[in-house]
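Remember, it's 1-based here, ligands and their atoms both numbered in the order they're listed.
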Amino acid sequence: MPALALGDAEAGKRIVMQGNDQGATACVSCHGADGKGNPAAGFPRLTGLSDKYLIKQLQDYRRGTRRNPIMQPIAAALAQQQLLDVAAYYAGKAPSANAEGTPPDAGRTLALRGDWDNTIPACVSCHGPGGRGVDPYFPALAGQHAGYIQSQLEAWRKGTRHNDVNDLMRVVAERLTQTQIQAVSEYFAAQPAVKPEPGAEQ
Ligand code: HEC
Ligand code: HEC
């Protein structure tokens with residue numbers, strides 16, 4: 001059974017297209033008309049993510065547990081209901097297939113089996129088969145842009161993103177080498193985006 005959307009997707013669409021008059025810029029100007037993002041500019045794809053994950057991220061930018069100079073003022077300029085509405089809009093859209101490049105073998109091994117010599121679990125053990133995501137809290141990595149995935153792993157290492165429950169991602173990111181970060185990011189970016197699995201809490 002699909003979870004009840006918390007916001008109004010139609011109201012969300014207006015903000016996504018036009019922004020609001022409180023200083024939130026139209027989301028489409030960066031995340032694209034179709035929500036596919038922009039790999040060169042580092043703007044992530046927003047389709048294929050659950051409303052709960054999207055709401056959490058916007059709240060995390062507001063409270064500063066996720067620090068980013070572009071997204072923090074935008075999230076702060078959204079009223080609570082508007083935040084729920086934009087999340088409902090993006091969560092209701094099918095994941096756009098972004099698959100980029102050829103997946104490197106080293107990235108595949110790490111993603112699917114982990115690197116137990118260095119106590120790194122397989123990414124898919126949390127992010128679902130092929131990195132398709134497990135709704136609502138484990139975001140899809142399949143078809144997300146490589147440069148963005150890489151930037152987030154680095155953000156956890158630097159501490160500019162510390163919004164993960166129980167430090168689940170910080171622990172993983174800290175153990176990865178720079179070469180592994182690049183390989184695993186390229187691996188997931190090359191996977192076709194598919195609808196996430198519903199998780200137990202859904
Ligand atoms: C000026 C460009 C710009 C605009 C406009 C913009 N964003 Fe973003 N957005 C970004 C960037 C850059 C990031 C990545 C930031 C980071 O590294 O944390 C991002 C990240 C996000 C994320 C996190 C995605 C994830 O996978 O965790 C969400 C959610 C988001 N934006 C929602 C929105 C919404 C909703 C709007 C419109 C109200 C919007 N953005 C407008 C540039 C923009
Ligand atoms: C123990 C569970 C777990 C494992 C294993 C795990 N992750 Fe995560 N990951 C999470 C959770 C939970 C989040 C969401 C954190 C939040 O709320 O922002 C996340 C978020 C992410 C994000 C941010 C996505 C976005 O849209 O911003 C990236 C990138 C990521 N993980 C990459 C990886 C990679 C690569 C691996 C394997 C090397 C991995 N993860 C292994 C639990 C895990």
Inset, instruction - Write out the residue and atom name of the closest protein heavy atom to atom 31 (N) of ligand 2, then the distance separating them to 0.1 Å. - result: His127 NE2, 2.9 Å
Inset, instruction - Go through ligand 2 atom by atom and flag the ones less than 4.0 Å from a non-hydrogen atom of Pro139. - result: 13 (C), 14 (C), 19 (C), 20 (C), 24 (C)
Inset, instruction - Answer with side chain, backbone, both or neither: which part of Ala26 has a heavy atom less than 4.0 angstrom from an atom of ligand 1? - result: backbone
Inset, instruction - Nearest heavy atom to atom 2 (C) of ligand 2 wins, so pick from Gly107, Cys126, Ala155. - result: Cys126
Legend entry - Heavy-atom nearest neighbour of atom 23 (C) of ligand 2 within options Arg161, Gln144, Arg175: Arg161
Inset, instruction - Look at the side chain of Ser29 and the backbone N and O of Ala26, then say whether any donor-acceptor pair between them is shorter than 3.5 Å. - result: yes
Legend entry - Reported CD-to-CD1 distance for the pair Gln180 and Ile120, which is rounded to 0.5 angstrom: 4.5 Å
Inset, instruction - Could you tell me whether Arg170 and Glu174 have a side-chain N and a carboxylate O separated by less than 4.0 Å? - result: yes
Inset, instruction - Check whether any heavy atom of Gln180 sits under 4.0 Å from an atom of ligand 2. - result: no
Legend entry - Mode of Cys123 contact toward ligand 2 - side chain, backbone, both, neither (heavy atoms, under 4.0 Å): both
Legend entry - Residues, nucleotides or ligands: over 12 heavy atoms within 6.0 Å of Lys56 NZ: yes
Legend entry - Euclidean distance, Gln81 CD relative to Asp8 CG, rounded to 0.5 Å: 7.5 Å
Inset, instruction - Look at the side chain of Gln144 and the backbone N and O of Arg45, then say whether any donor-acceptor pair between them is shorter than 3.5 Å. - result: yes
Inset, instruction - May I ask you to test the Asn68-Tyr61 pair for a side-chain heavy-atom distance under 4.5 Å? - result: yes
Inset, instruction - Measure the distances from the heavy atoms of Ser29 to every atom of ligand 1 and state whether one is below 4.0 angstrom. - result: yes
Inset, instruction - Starting from atom 28 (C) of ligand 2, locate the nearest protein heavy atom and write down its residue, its atom name and how far away it is, to 0.1 Å. - result: Leu141 CD2, 3.5 Å
Inset, instruction - Could you grab the distance from atom OH of Tyr53 to atom CG of Leu46, nearest 0.5 Å is fine? - result: 9.5 Å
Inset, instruction - Identify the two heavy atoms, one from Gly48 and one from Pro196, that lie closest to each other, and give their separation to 0.1 Å. - result: O-CG, 3.3 Å
Legend entry - Donor-acceptor contact below 3.5 Å, side chain His31 vs main chain Phe43: no
Inset, instruction - Could you tell me if any non-hydrogen atom of Arg67 lies under 4.0 Å from any atom of ligand 1? - result: no
Legend entry - Closest heavy-atom pair and its distance - Leu141, Ile149: O-CD1, 3.8 Å
Legend entry - N or O pair under 3.5 Å between Tyr53 and ligand 1: yes
Legend entry - Closest protein heavy atom to atom 29 (C) of ligand 1, given as residue, atom name and distance to 0.1 Å: Leu54 CD2, 3.6 Å
Inset, instruction - Check whether the side chains of Gln57 and Asn163 place a donor and an acceptor atom closer than 3.5 Å, and report yes or no. - result: yes
Inset, instruction - For ligand 2, indicate whether the residue Ala122 contacts it via side chain, backbone, both or neither (heavy-atom separation under 4.0 Å). - result: backbone
Inset, instruction - For the pair Thr47 (side chain) and Ser96 (backbone), establish whether a donor and an acceptor sit closer than 3.5 Å, ignoring hydrogens and angles. - result: yes
Legend entry - Per-atom contacts of ligand 2 with Pro121, taking only distances under 4.0 Å to non-hydrogen atoms: 5 (C)
Legend entry - Number of protein N, O or S atoms [distance to atom 8 (Fe) of ligand 1 under 2.8 Å]: 2
Legend entry - Heavy atom of the protein closest to atom 17 (O) of ligand 1 (residue, atom name, distance): Gln152 NE2, 2.8 Å
Inset, instruction - Could you see which bit of Leu49 sits under 4.0 Å from ligand 2, with heavy atoms only: side chain, backbone, both or neither? - result: neither
Legend entry - Donor-acceptor contact present, side-chain Arg132 to main-chain Ala140, <3.5 Å: no
Legend entry - Distance-only side-chain donor-acceptor flag, Arg66 / Gln152, under 3.5 Å: yes
Legend entry - Donor-acceptor side-chain pairing of Gln178 and Gln182 below 3.5 angstrom: no
Legend entry - Trp156 neighbourhood, listing ligand 2 atoms whose heavy-atom distance to it stays under 4.0 Å: 20 (C), 21 (C), 22 (C), 23 (C), 28 (C)
Legend entry - ligand 1 N/O within reach of Tyr148 N/O, cut-off under 3.5 Å: yes
Legend entry - Contact check: Arg66 vs ligand 1, nitrogen or oxygen atoms, below 3.5 angstrom: yes
Inset, instruction - With heavy atoms of Lys56 as the reference, note each atom of ligand 2 found under 4.0 Å away. - result: 16 (C), 17 (O), 18 (O)
Inset, instruction - Assess the side chains of Gln80 and Arg62: does a donor N or O sit below 3.5 Å from an acceptor N or O? - result: yes
Inset, instruction - Check whether any N or O atom of Tyr61, backbone or side chain, sits under 3.5 Å from an N or O atom of ligand 1, and answer yes or no. - result: yes
Inset, instruction - Considering only non-hydrogen protein atoms, determine which one is nearest to atom 30 (C) of ligand 2 and report residue, atom name and distance to 0.1 Å. - result: Met169 CE, 3.5 Å
Inset, instruction - State, yes or no, whether a side-chain contact exists between Leu168 and Val171 at a heavy-atom distance under 4.5 Å. - result: no
Inset, instruction - Could you tell me which atoms of ligand 2, counted from 1 in the order shown, lie closer than 4.0 angstrom to a heavy atom of Gln57? - result: 16 (C), 17 (O), 18 (O)
Inset, instruction - Indicate yes or no: does an N/O atom of Thr25 lie under 3.5 Å from an N/O atom of ligand 1? - result: no
